[in-house]
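Read the structure below first, then the notes.
Bear in mind that the values here come from a model prediction, so they are computed numbers and not experimental data. Only this structure's heavy atoms are used, side chains among them; waters, hydrogens and symmetry mates stay out. Along the sequence shown, the residues carry numbers beginning at 1.
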Amino acid sequence: MKIEETFPSAREDAQSAERYVPCKQTLSPSYRLAYRDNDFLLRDELRPIRLQLELLKPELILQEHKIEDTVIVFGSARIPEPAVARKELKDAKAAFAKEPSNKELGHKAKIMGRVVENSKYYEEARRFAYLISQTAKTSESCNFVIVTGGGPGIMEAANRGAHDAGTESIGLNIVLPFEQRPNEYITPQLCFQFHYFAIRKMHFLMRARALVVFPGGYGTLDELFETLTLIQTTKIKHIPVLIFGRKFWKRIVKFDALVEEGTISPQDIKLFRYVETAEEAADIILGTHP
């Protein structure tokens with residue numbers, strides 16, 4: 001039986017309501033149809049249903065689009081394209097020049113200098129996504145669709161690269177108090193929004209054939225270490241994990257120190273590889289999937 005045969009449309013619901021003269025009974029929240037009652041659906045007891053819906057909706061849409069394989073791109077939402085970074089640095093320096101005693105402005109100018117240096121990764125992410133997407137366009141055996149967190153910065157760059165190649169790409173957005181607006185390069189039909197981080201993480205990895213990580217903050221570190229843990233514990237199959245920018249990551253995370261302290265094994269270091277260029281990363285991934 002089709003769903004529309006069981007549940008009326010919104011218009012049919014409205015027409016049905018018009019047949020009744022409003023009264024205490026029909027105006028009571030208890031009278032609302034369960035699937036149209038937001039207050040009911042948002043109760044704590046309905047959390048299992050909401051989790052199921054967040055898992056099922058994107059899954060069905062991705063199946064409809066025949067998307068089988070994805071390449072995840074993680075990275076900072078705060079790394080803009082180089083031209084934007086240079087302008088922000090110029091503005092920060094100008095503001096500090098007007099108030100040289102303002103330590104906050106001086107700190108901001110210093111940080112923006114680092115952002116300008118890291119903005120090269122925006123272009124690398126864009127070019128990497130373009131190279132992978134070009135292959136997806138011509139390959140008959142693989143379906144490498146770029147998937148990101150859907151936001152600005154490195155995520156935007158990756159979706160943009162796929163857009164440059166004329167292919168679809170996915171954005172898995174999350175409800176946040178900031179940085180939550182989808183970037184304009186995501187394929188609209190493949191732009192999703194999640195409330196639960198756990199379900200969003202599942203969708204990142206359910207079709208993943210590779211993970212590519214650019215410099216980033218807490219969110220990027222979270223996704224990187226969770227994926228490495230799942231591979232280490234064989235909860236998922238081994239996939240290539242490529243980390244862009246050896247200099248950045250060696251400064252941020254002391255992987256070798258974890259081995260020296262005995263908290264990970266020497267073999268665990270081999271779960272990922274450092275890369276520096278889009279071409280290097282694309283060659284590794286495409287070589288893994290002939």
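D164 has no carboxylate O lying under 4.0 Å from a charged side-chain N of R160, or vice versa, which leaves the two without a salt bridge. Residues D69 and R207 are not paired through a salt bridge, judged by the lack of any N-O separation under 4.0 Å between the basic side chain and the carboxylate. The residues K120 and E123 are annotated as not salt-bridged, no charged nitrogen and carboxylate oxygen being separated by less than 4.0 angstrom. One finds no salt bridge joining E156 and R126 here, because no Lys/Arg side-chain nitrogen approaches an Asp/Glu carboxylate oxygen to under 4.0 Å.
With hydrogens and angles ignored, the 3.5 Å screen pairs no side-chain donor or acceptor of Q193 with any backbone N or O of I174. Side chain of N143 to main chain of T70: no donor-acceptor pair is present (N/O by atom type, distance under 3.5 Å, no hydrogens or angles). Here the side chain of T187 pairs no donor or acceptor atom with the backbone of Q189 at under 3.5 angstrom. Proximity of a side-chain donor or acceptor of D37 to a complementary backbone N or O of R32 within less than 3.5 Å is not detected.
By the side chain to side chain donor-acceptor pair (under 3.5 Å) test, R50 is found to be paired with Y196, residues two or more places apart in sequence or in another chain being considered. Considering only residues two or more places apart in sequence or on other chains, F96 meets the side chain to side chain contact (heavy atoms under 4.5 Å, CB included) condition with L105.
Partner of F204 under the ring pair (Phe, Tyr, Trp, His ring centres under 6.0 Å) criterion, out of F194, F74, F197: F74 alone.
Annotation for H107: atom NE2 does not count as buried by contact number, only 12 or fewer foreign heavy atoms lying within 6.0 Å.
H195 and E54 are not linked by any side-chain donor-acceptor pair at a separation below 3.5 angstrom, with hydrogens and angles left out of the test. Side-chain atoms of D268 and Q232 include a donor-acceptor pair closer than 3.5 Å.
Both F272 and L221 are assigned to one and the same hydrophobic cluster, defined by single-linkage of ILVMFWY side chains at heavy-atom distances under 4.5 Å.
Listed by first then second residue, pairs satisfying side chain to side chain donor-acceptor pair (under 3.5 Å) with a partner in residues 239-258 read K250-D256, not counting sequence neighbours.
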